[in-house]
A.B. asks: 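The structure is given below, and queries will be raised subsequently.
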Amino acid sequence: MALTDLAIVRRSLRARLFSTCVTALTVGVAVALMLVLFSMRDAGRQAFARGSGNMHLLVSRDASPMVAVLNGIYYANPPARPIEWAKYQQIAASMPFAFAIPTQQGDSYRGFPVLATAPEFFSDFEPNLGEPWRFAAGRAFEKPFEVVVGARAARETGLRVGSEIFLTHGIAQSRQLGQADAVAPHVHREFAYTVVGVLEPTGSAHDRALFTDLTSSWIIHAHDRRKLTDPSIRTTTADDLLETDRLITGIYLRVASRPGRDATALLPAAFDALRRDPTITVAQPVQQIDALFRIVSNIDVIVLAMAGVVMVSSAISIMLALYNSMEQRRRQVAVLRVLGCSRPRVFGLLVTEATIIGVLGAAAGLALAVGGALVAAGALKNAIGLVVTPVFAPEVTLAVLTGAILLSALAGIVPGVMAYRSSVADHLKPLG
Amino acid sequence: MPDTPAGQDATPALRIADLRFRYPGARPTDPWVIDIAALELAPAEQALLTGGSGRGKSTLLHLVAGVIDLLPPNAGRIEVAGRSIHALRGPARDAFRARHIGMIFQTFNLLHGFSALENVMAALMFSDIPAREHRARAADLLASLGIERTDAAPERLSVGQQQRVAVARALACSPELVLADEPTASLDPENAAVAMDLIQNACRTRGAALLCVSHDPAMAERFPRRARLDELHAAHLRAAAPGLAAHGPAKGGGAWR
């Protein structure tokens, strides 16, 4: 058994334990910051990518495809211009779609948007690709005036299976209420809905919504229309509906896939065919989400650049810590050289020491980031019911850790060169 | 035991010839700090070099150890165990020093944070001695020098024991030559005598030649061969003046008494 270079480095790190720990912690914080930023970026992108699920195309009469996606999938605002039922039937029949689900927005419950739709919304549409809807309690709606509540809406309103609610016409938001010219929200008092199901969280905007069937939505609006002409009317049924009452605001489309063939091959043709109709707006949600990310990617770059600066500054602190210890070290270096340690080996000792600080820091950073993310995710879930899954992509994590260790090794070069060039003869003499 | 016992091999432990040295940056008109025509140590021979401080004693030892480079206009030849140490470059010279030269310092220069045993092992780790032998070799050496607490940190040992660890470290690789730089300067006369006994006996037992530099006059009687550094210079100059064989070998002669 012999003494190794690593043993010498270990002794050196231990001799300056405080400095070692503080410097490693500096690296650790930088690594953790970097990992969390990457993780947040990925988690944010994932969260945003949720919601369109297995839908290929979204049709609406919004001004642009981007607005169509923001309204239709993220419930930004209720689409203003409706699509007539006949138009929907024409579009749905124009091609062999896997599904063509009509949706209608406009009503709300305590600020949460209500989506009136068809039963296929639960049976055919998947909010996340490969992840169908799952019910935390109850079932999908089967007849008019039944409502299914999204996970977050249920959590914040306290609605449970069996609750009775009244919907509000329009989205009643406190901001709107404060404005004098805002249309006063109107509660559809005549029609009570029964909650028949509560959904599991999907991590998408759908968690904030309530879902009911189109017919009941048409009925309550037809009732309003009829009361304008005859205030004595007590009730309205499906039989009273006119063709002009049957309005929707969007269509979720999925192109039919032939057995053994990728449906996306048919998608461009379907997209082009629908776009030839100037009265509708057709959006490919995936493209719109990509476009959205291109807009925010500048911010991304700035954030990552900041993290990079933090990283470099932590490398500088390693260099500084070793540099400051060089005065104490020169005698030891001189003694090692007299004992036969070569200059390259002395250089190697310093670089190894810097690298080990980097490795310790990287490990601390990883622990900090993973621990911190788990705590943060738990807190977010408890506080606001937001499901954020910390994502540490292996390749990104590996790159950050490797980068930190390499930078640390680089930081050892300056003190290493100092040790390399340090005069042996000058540092063997007695002190003083 | 020495690798090349005295008597069988006549290769001197140290041979210096025509050595002239000035520090870098000195003017060409400045006197040489070191100017030695010839100096030789037979295997296991012990010699004392005296001279006031600042006369280049340490510089000579550093030149012999090869930790100072001998670059033009400096010139000369320094052979340790038959090898010209300045003909070796970089890591090769370091490896040679590890194996063939031991150094003892006034302040011991033990490594902090390393145990007594590890201090000796540190000398072995840069040599070509097989790694598996290091621990046993260091332990044996310390035991033979009377150190029992081999795992103690040097700063927890007495000064005398630290001295022993330093001697053990210098002898760890069984070098042909040990260089001692003012080994007793920080000791009182009584302890100095004990320390010198230790160093001289240890070198003798292990067959290492010893070149000791000191300005302590009490050292003189311990060494059959001794010289003053300035006299070495002067002898050289005297010899040169009449135009005689100025650079001829002066083994046992010249300024050596």
Side-chain angles (χ1 to χ4, degrees), chain A residues 1-21 321-322 325-353 356-357 416-417 419-432, chain B residues 23 58-59 61-63 65-69 90-115 117-138 166 169-170 172-173 175 179 181-182 185-186:
Chain A
M1 257 228 309
L3 213 55
T4 59
D5 287 23
L6 216 56
I8 291 183
V9 170
R10 216 169 51 220
R11 299 290 195 295
S12 177
L13 287 169
R14 212 168 52 194
R16 281 168 277 270
L17 195 60
F18 182 74
S19 164
T20 301
C21 290
L322 294 181
S325 69
M326 274 314 291
E327 281 316 307
Q328 312 165 21
R329 268 175 215 270
R330 283 187 198 278
R331 175 175 288 258
Q332 178 174 345
V333 166
V335 172
L336 288 174
R337 295 268 292 113
V338 162
L339 293 180
C341 186
S342 65
R343 285 177 194 273
R345 206 157 163 184
V346 163
F347 175 82
L349 288 174
L350 265 294
V351 172
T352 306
E353 190 165 333
I356 288 179
I357 292 177
V417 167
Y420 184 97
R421 296 170 57 166
S422 184
S423 155
V424 176
D426 292 349
H427 297 100
L428 289 174
K429 290 172 187 147
L431 293 169
Chain B
Y23 280 105
S58 293
T59 303
L61 292 192
H62 291 151
L63 278 168
V67 297
I68 299 179
D69 285 325
R93 192 196 293 169
D94 296 318
F96 181 83
R97 175 167 59 251
R99 195 67 176 84
H100 300 281
I101 301 173
M103 280 191 94
I104 298 170
F105 308 93
Q106 174 187 341
T107 48
F108 314 143
N109 279 332
L110 295 175
L111 296 166
H112 284 276
F114 293 74
S115 70
L117 186 71
E118 287 167 342
N119 260 281
V120 181
M121 286 169 73
L124 289 160
M125 72 179 283
F126 303 112
S127 74
D128 55 3
I129 294 167
R132 63 180 182 281
E133 295 175 18
H134 289 188
R135 183 171 290 273
R137 200 170 166 134
R169 194 177 66 181
C173 296
L179 306 171
D181 192 357
E182 305 274 11
S186 49

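Naming convention: chains lettered A, B, ... in sequence-line order (proteins, then strands); numbering from 1 in each chain. Quick note: numbers below take in every heavy atom, side chains included, and nothing from hydrogens, waters or symmetry partners. Fair warning: this is a prediction, and the values are worked out from it, not measured in the lab.
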A.B. asks: Between the side chain of A:Arg11 and the main-chain N/O of B:Gly113, is any donor-acceptor distance below 3.5 Å?
C.D. replies: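 Yes, because the side chain of A:Arg11 sits within donor-acceptor range (under 3.5 Å) of the backbone of B:Gly113.
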A.B. asks: Taking all heavy atoms of B:Met121 and all of A:Leu3, pick out the closest pair and write down the distance.
C.D. replies: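 Closest pair (atom of B:Met121, atom of A:Leu3, distance): CE-N, 3.7 Å.
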A.B. asks: Can you tell me how far the CE atom of B:Met125 sits from the CG atom of A:Leu339, to the nearest 0.5 Å?
C.D. replies: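 B:Met125 CE to A:Leu339 CG: 9.5 Å, rounded to 0.5 Å.
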A.B. asks: Quick one: which residues of residues 13-20 of chain A reach chain B at under 4.5 angstrom, heavy atoms only?
C.D. replies: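 So the qualifying residues are A:Arg14.
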A.B. asks: Between the side chain of B:Arg97 and the main-chain N/O of A:Arg337, is any donor-acceptor distance below 3.5 Å?
C.D. replies: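 Side chain of B:Arg97 to backbone of A:Arg337: a pair is present.
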A.B. asks: Please identify each residue that fulfils side-chain contact (heavy atoms from CB on, under 4.5 Å) with A:Thr352, with sequence neighbours left out.
C.D. replies: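 Only A:Leu6, A:Val9, A:Ile356 meet the side-chain contact (heavy atoms from CB on, under 4.5 Å) criterion with A:Thr352.
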A.B. asks: Where is the tightest heavy-atom contact between A:Ile8 and B:Phe126, given as atom of each residue plus distance?
C.D. replies: CD1-CZ, 4.4 Å
A.B. asks: How long is the straight-line distance from CG of B:Asn109 back to CG of A:Leu336, given to the nearest 0.5 Å?
C.D. replies: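 Reported value, rounded in 0.5 Å steps: 10.5 Å.
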A.B. asks: Would you give the length of the straight line joining atom CD of A:Gln332 to atom CG of B:Leu111, rounded to the nearest 0.5 angstrom?
C.D. replies: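 So the gap between those two atoms works out to 5.5 Å.
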A.B. asks: For B:Ala170, which residues count as a side-chain contact (heavy atoms from CB on, under 4.5 Å) partner, sequence neighbours excluded?
C.D. replies: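 Applying side-chain contact (heavy atoms from CB on, under 4.5 Å) to B:Ala170 gives B:Ile104.
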A.B. asks: Testing the basics here: between B:Asp94 and A:Ser342, what is the closest heavy-atom pair and its distance to 0.1 Å?
C.D. replies: OD2-CA, 3.1 Å
A.B. asks: What part of B:Arg169 is in contact with chain A, defined as an atom under 4.5 angstrom from a non-hydrogen atom: side chain, backbone, both or neither?
C.D. replies: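 Only the side chain of B:Arg169 comes within 4.5 Å of chain A.
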A.B. asks: Can you list the residues that meet the side-chain contact (heavy atoms from CB on, under 4.5 Å) rule with B:Ser115, with sequence neighbours excluded?
C.D. replies: B:Leu117, B:Glu118
A.B. asks: Roughly how far, to the nearest 0.5 Å, is CG of A:Leu428 from NE2 of B:His62?
C.D. replies: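 The CG atom of A:Leu428 is 5.0 Å from NE2 of B:His62, to the nearest 0.5 Å.
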A.B. asks: For chain A, find which of B:Gly102, B:Ser186, B:Ala122 contributes the most heavy-atom pairs closer than 4.5 angstrom.
C.D. replies: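 Among B:Gly102, B:Ser186, B:Ala122, the one with the most close pairs to chain A is B:Ala122.
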A.B. asks: Heavy-atom distance under 4.5 Å to chain B: side chain of A:Val424, backbone, both or neither?
C.D. replies: side chain
A.B. asks: Which bit of A:Ser423 is near chain B, if near means a heavy-atom gap under 4.5 Å: side chain, backbone, both or neither?
C.D. replies: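 Neither part.
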A.B. asks: Report which part of B:Ala65 has an atom under 4.5 Å of a heavy atom belonging to chain A: side chain, backbone, both, or neither.
C.D. replies: neither
